Number of protein chains: 2
Amino acid sequence: MSASKDIESTRDAGPRDTRQRILTAAVELFRRRGYTGTGMKQIAEAAGAPFGSIYHFFPGGKAQLGEEVVRTSGVVYLDLVAGLMTPYEDRVAATADVFIAAADTLRELDFADPCPIATVAMEVANTNEQLRQATSEVFGNWIEEIAAYYAAGGIPEPAARETASSVIALLEGAFMLGRAARSTEPVLAASRAAAAIVRAAAAGE
Amino acid sequence: MSASKDIESTRDAGPRDTRQRILTAAVELFRRRGYTGTGMKQIAEAAGAPFGSIYHFFPGGKAQLGEEVVRTSGVVYLDLVAGLMTPYEDRVAATADVFIAAADTLRELDFADPCPIATVAMEVANTNEQLRQATSEVFGNWIEEIAAYYAAGGIPEPAARETASSVIALLEGAFMLGRAARSTEPVLAASRAAAAIVRAAAAGE
DNA sequence: GTCTATATCTTGATAGAC
DNA sequence: GTCTATCAAGATATAGAC
């Protein structure tokens, strides 16, 4: 029996970072089923963790878990998008290519939301001030980072920030339409529109 | 007591269309709290209707109610946006002004979603095929209608549809950012970006 | 058709054995 | 720190009196 137990504990793997597995499972579930639509028991099961472990690692309960999901995803995505864009000299081409890559991601995820915080942001905007603030800060960080990239490319400062905001809005909205239609078309169309936005801003209107 | 009852039934008003009040209450709650975040009891209470009436008028339960909310809102909004745009000769100005009006609406709603189906669309895209299809059809109708408006303004057909899709995506995404930040800024910035998108399409790229 | 009471299930969360 | 049992409250849905 002790041999069987050893095999079990080896097969069930992840002996170390149960906390990380819970966080990862929550990210995956939130982007498919949303925040209110995901249960704590589902998260525990998907993480292969006992139910009680969630409250051991996240004593603040679902709200704390939700906030950590939003904030950690925010950092991961900031690095990801920044990594995709910065190598480019041409800001217009960089922006368009990010949308094309996003279309591939959308399909690979079988039309789950490529943005891990969007569905949550919509759900909590009027219902949970703590989470609303977290999503707002994450969106704000994204906008700042991309605005700096556009500014470095020669777009003057008030316009750079507005352009960044609109490009992110366009991407999020295109994800929404693409998920509803189960099609990458809206994201590919948005790629050309995003190029037009950046091009206009670079031309000083 | 019968006099009192008469007063009651007069004050509680809506003696006729309980069904319509339920539908209206559901629209209001869904756009603030989402689909999974709204309970049937809350809807009944907000509608001033007895709980059982929901299942009398919507025997298909929450899914049927959700679908009717999506479809009826879709028609209402199609008429609304079309009514805002069609008087204009200049497609670029018309588009920009719709966004400015939308920013006002966002604030008037205290940052509830001006689009009554967006939050629901995000929640159900991977979890409820019936509702997902309803949201997809509504978005599709909007895109068609606006595409026809752009096409009538001189934008050739494949581009007109892509432009309409991107303008709607931009609007939805701007609502998302604006709600999260509790600010109309993202929608106002998107107004200028939307103008750039339509202008580029009208210029044949 | 209106309205109440209830059945059944699931939720987030806690207690406590191990 | 792992895991189970359980709680109270909420959900959707139904039955049935009026």
Side-chain angles (χ1 to χ4, degrees), chain A residues 1-2 4-23 25-26 29-30 33-69 120 123-124 127-128 130-131, chain B residues 1-2 4-23 25-26 29-30 33-69 120 123-124 127-128 130-131:
Chain A
M1 280 306 173
S2 75
S4 152
K5 188 172 180 295
D6 288 340
I7 292 172
E8 282 286 327
S9 60
T10 304
R11 180 176 60 75
D12 278 349
R16 239 349 45 73
D17 34 20
T18 300
R19 195 193 143 95
Q20 185 56 47
R21 291 207 319 279
I22 292 171
L23 215 47
L29 284 168
F30 284 173
R33 317 185 46 87
Y35 179 75
T36 52
T38 300
M40 296 290 263
K41 285 178 187 172
Q42 291 175 51
I43 295 171
E45 189 187 351
F51 181 69
S53 293
I54 294 192
Y55 288 91
H56 173 71
F57 290 110
F58 303 90
K62 196 180 187 183
Q64 181 189 349
L65 180 55
E67 183 170 346
E68 290 208 31
V69 163
V120 176
E123 291 179 273
V124 303
T127 57
N128 185 320
Q130 172 192 3
L131 281 177
Chain B
M1 282 305 171
S2 74
S4 153
K5 187 172 180 294
D6 287 340
I7 292 171
E8 282 286 327
S9 60
T10 303
R11 180 177 58 77
D12 277 350
R16 231 3 34 75
D17 35 18
T18 301
R19 194 194 143 95
Q20 185 57 48
R21 291 206 320 277
I22 291 172
L23 216 46
L29 284 167
F30 284 173
R33 318 186 43 87
Y35 179 74
T36 53
T38 301
M40 296 290 263
K41 286 179 186 171
Q42 291 175 50
I43 295 171
E45 188 186 351
F51 182 69
S53 292
I54 293 192
Y55 288 90
H56 173 72
F57 291 110
F58 303 90
K62 196 179 188 184
Q64 182 190 348
L65 179 55
E67 182 169 347
E68 290 208 31
V69 164
V120 176
E123 291 179 273
V124 304
T127 57
N128 186 320
Q130 172 191 2
L131 281 177

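Chain letters run A, B, ... following the sequence lines, proteins first and then strands; every chain starts at 1. Everything numeric here is computed off the predicted structure, so don't read it as measured data.
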*For Gln42(B), does the CD atom sit with more than 12 other heavy atoms under 6.0 Å from it, leaving out its own atoms?*
yes
_Side-chain N or O of Ser53(B) versus OP1/OP2 of dG1(C): is the shortest distance under 4.0 Å?_
no
*Ignoring hydrogens and angles, tell me if any N or O in the side chain of Glu123(B) forms a donor-acceptor pair with the backbone of Thr36(B) under 3.5 Å.*
yes
*In whole Å, what is the span from the CD atom of Glu45(B) to the P atom of dT4(C)?*
12 Å
*What is the distance, rounded to the nearest whole Å, between atom CD1 of Ile22(A) and atom C1' of dC3(D)?*
12 Å
*Using a heavy-atom cut-off of under 4.0 Å over every strand shown, decide if Thr38(B) touches base, sugar-phosphate, or nothing.*
sugar-phosphate
*When the nearest nucleotide of DNA chain C is assigned to Gly52(A) and to Tyr35(A) on a heavy-atom basis, which residue is associated with the more 5' position?*
Tyr35(A)
*Quick one: is dG10(D) close enough that its OP1 or OP2 comes under 4.0 Å of any side-chain N or O from Gln42(B)?*
no
_Phosphate OP1/OP2 of dT14(C) contacted by Tyr55(A) side-chain N/O (<4.0 Å)_ = no
*Report the distance from atom NZ of Lys41(B) to atom P of dT14(D), rounded to the nearest whole Å.*
14 Å
*Is a side-chain N or O of Ser53(A) found less than 3.5 angstrom from the main chain of Ala49(A), in a donor-acceptor match?*
no
_Check whether Asn128(B) reaches the backbone of Leu131(B) with its side chain - one donor and one acceptor, N or O, closer than 3.5 Å._
yes
*Among Leu23(A), Val69(A), Ile54(A), which one satisfies side chain to side chain contact (heavy atoms under 4.5 Å, CB included) with Ile43(A)?*
Ile54(A)
*asked:* Can you see whether Tyr55(B) has Lys62(B) sitting over its ring - NZ or CZ less than 6.0 Å from the centre and within 45° of the normal?
replied: no
*Tell me which residues in residues 61-69 of chain B put a heavy atom below 4.0 Å from DNA chain D, sorted by number, or none.*
Gly61(B), Lys62(B)
_Interatomic distance where CZ belongs to Phe58(A) and P belongs to dG12(C) [whole Å]_ = 15 Å
*What is the distance, rounded to the nearest whole Å, between atom CE of Met40(A) and atom P of dT6(D)?*
21 Å
*Just how far, in rounded Å, is P of dA5(C) from CZ of Phe51(B)?*
13 Å
*Which whole-number value in Å describes the distance from Asp17(B) CG to dT2(C) P?*
11 Å
*Taking atom CD of Glu45(B) as the centre, report whether more than 12 heavy atoms of other residues, nucleotides or ligands fall under 6.0 Å from it.*
no
*To the nearest Å, give me how far apart CG (Leu29(A)) and P (dT11(C)) are.*
12 Å
